[in-house]
Amino acid sequence: QVQVVESGGGLSQAGGSLRLSCTASGLSIDAVTMGWFRQAPGKEREEVSCIDQRGLGTYYTSSVKGRFTISRDNAKNTLYLQMNGLKPEDTAMYYCAPLQSIACHPSAARYWGQGTQVTVSS
């Protein structure tokens with residue numbers, strides 16, 4: 001059974017940094033494209049960033065470009081999201097997911113974890 005576990009969220013002031021981690025059991029992440037998604041209260045889940053199997057191709061939604069960096073350590077079966085220059089509008093529950101396709105979209109997610117909360121104060 002595949003389980004995805006996100007960690008590293010917390011409270012940050014605007015301009016601060018957080019590093020999210022995602023580990024997967026029952027699945028080798030080096031076989032799939034992986035993505036980070038977020039959902040703010042009252043809003044739909046949206047894509048944040050995705051990375052291909054080898055870590056050579058990445059996608060970032062426009063609002064996080066230049067501030068967030070996605071990476072993966074296939075040896076540790078772990079996905080990361082380094083978030084710098086945090087803004088209050090980054091406040092959301094963050095999820096990682098293995099994707100069924102190269103499309104960086106929540107509809108392509110195969111499994112969801114419980115998420116990790118990121119709260120950014122102004």
Side-chain angles (χ1 to χ4, degrees):
Q1 185 173 355
V2 175
Q3 285 191 321
V4 176
V5 179
E6 303 92 342
S7 62
L11 179 63
S12 174
Q13 291 187 331
S17 298
L18 288 171
R19 188 193 194 202
L20 306 184
S21 298
C22 167
T23 57
S25 59
L27 172 75
S28 293
I29 69 168
D30 61 0
V32 295
T33 295
M34 295 289 295
W36 284 101
F37 303 85
R38 66 186 180 188
Q39 187 167 18
K43 295 188 176 182
E44 293 187 352
R45 194 167 298 186
E46 63 175 359
E47 62 276 8
V48 175
S49 180
C50 294
I51 186 167
D52 67 10
Q53 294 168 250
R54 296 185 179 181
L56 300 179
T58 58
Y59 165 85
Y60 297 93
T61 193
S62 58
S63 61
V64 308
K65 278 183 182 177
R67 300 189 297 122
F68 291 10
T69 302
I70 191 171
S71 62
R72 60 195 300 158
D73 186 334
N74 289 341
K76 295 182 178 180
N77 217 38
T78 301
L79 180 73
Y80 302 100
L81 185 68
Q82 178 67 44
M83 305 187 297
N84 299 328
L86 284 164
K87 302 177 180 180
E89 51 264 43
D90 295 319
T91 295
M93 186 72 79
Y94 282 71
Y95 303 87
C96 78
L99 304 181
Q100 300 184 78
S101 71
I102 62 172
C104 191
H105 191 274
S107 63
R110 296 173 67 184
Y111 307 98
W112 293 109
Q114 295 300 308
T116 186
Q117 178 68 39
V118 171
T119 303
V120 184
S121 61
S122 58

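Bear in mind the structure is a predicted one, so any value in this text is a computation, not a measurement. No hydrogens, no waters, no symmetry mates; every other heavy atom, side chains included, goes into these values.
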> Going through the checks in order, is the side-chain contact (heavy atoms from CB on, under 4.5 Å) test met by Tyr95 and Met93?
Replying inline: CA-CA 7 Å; Tyr95 303 87; Met93 186 72 79; 3.4 Å; yes
Let me check something: any side-chain donor-acceptor pairs from residues 100-119 under 3.5 Å, sequence neighbours excluded? List them with distances.
unit_1: Ser101; atom_1: OG; unit_2: Ala103; atom_2: N; d: 3.2
unit_1: His105; atom_1: ND1; unit_2: Ser107; atom_2: N; d: 3.0
unit_1: His105; atom_1: ND1; unit_2: Ser107; atom_2: OG; d: 2.8
unit_1: Thr116; atom_1: OG1; unit_2: Gly9; atom_2: N; d: 3.0
unit_1: Gln117; atom_1: NE2; unit_2: Ala92; atom_2: O; d: 3.4
unit_1: Gln117; atom_1: NE2; unit_2: Thr119; atom_2: OG1; d: 3.4

>> I'd like to know if the side chain of Asn77 reaches the main chain of Ala24, judged simply by a donor and an acceptor atom lying under 3.5 Å from each other, with no hydrogens or angles considered.
In response: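 Side chain of Asn77 to backbone of Ala24: a pair is present.
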How long is the straight-line distance from [atom2] of [Y] back to [atom1] of [X], given to the nearest 0.5 Å?
| X | Y | atom1 | atom2 | result |
| --- | --- | --- | --- | --- |
| Thr78 | Ile29 | OG1 | CD1 | 6.0 Å |
| Leu79 | Ser71 | CG | OG | 7.0 Å |
| Ser49 | Met34 | OG | CE | 11.5 Å |

> Considering residues at least two apart in sequence or located in another chain, which fulfil the side chain to side chain donor-acceptor pair (under 3.5 Å) criterion with Asn74?
Replying inline: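 Side chain to side chain donor-acceptor pair (under 3.5 Å) check on Asn74 returns Arg72.
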> Arg67: what forms a side chain to side chain donor-acceptor pair (under 3.5 Å) with it, not counting sequence neighbours?
Replying inline: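 Side chain to side chain donor-acceptor pair (under 3.5 Å) list for Arg67, sorted by chain: Asp90.
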> At their closest point, which heavy atom of Pro98 faces which heavy atom of Val32, and how far apart are they?
Replying inline: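 Heavy-atom minimum between the residues: CB-CG2, 3.8 Å.
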>> Give me each pair satisfying side chain to side chain donor-acceptor pair (under 3.5 Å) with a member in residues 8-30, each pair once, sequence neighbours excluded.
In response: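 Side chain to side chain donor-acceptor pair (under 3.5 Å) check on residues 8-30 returns Ser17-Asn84.
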>> Considering only residues two or more places apart or on different chains, which pairs with a residue in residues 11-44 satisfy disulfide (SG to SG under 2.5 Å)?
In response: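 Residue pairs with at least one partner in residues 11-44: Cys22-Cys96.
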>> Any heavy-atom pair between the side chains of Phe68 and Leu18 that's under 4.5 Å?
In response: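 SC-SC contact between Leu18 and Phe68 ruled out.
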>> Measuring only between side-chain heavy atoms, which start at C-beta, is Glu6 closer than 4.5 Å to Tyr94?
In response: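 Result no, sub-4.5 Å side-chain heavy-atom pair not found.
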Using atom types as modelled, flag every donor-acceptor pair under 3.5 Å from a side chain in residues 50-66 to any protein atom, sequence neighbours excluded.
unit_1: Asp52; atom_1: OD1; unit_2: Arg54; atom_2: N; d: 3.4
unit_1: Asp52; atom_1: OD1; unit_2: Gly55; atom_2: N; d: 2.8
unit_1: Asp52; atom_1: OD1; unit_2: Leu56; atom_2: N; d: 2.8
unit_1: Asp52; atom_1: OD1; unit_2: Gly57; atom_2: N; d: 3.2
unit_1: Asp52; atom_1: OD2; unit_2: Gly57; atom_2: N; d: 3.0
unit_1: Gln53; atom_1: NE2; unit_2: Ala31; atom_2: O; d: 3.1
unit_1: Tyr60; atom_1: OH; unit_2: Ile70; atom_2: N; d: 2.9
unit_1: Ser63; atom_1: OG; unit_2: Arg38; atom_2: NH2; d: 3.3

> Hey, any chance Tyr80 and Val4 share a hydrophobic cluster, counting ILVMFWY side chains that come within less than 4.5 Å of each other, even indirectly?
Replying inline: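 Shared cluster, no.
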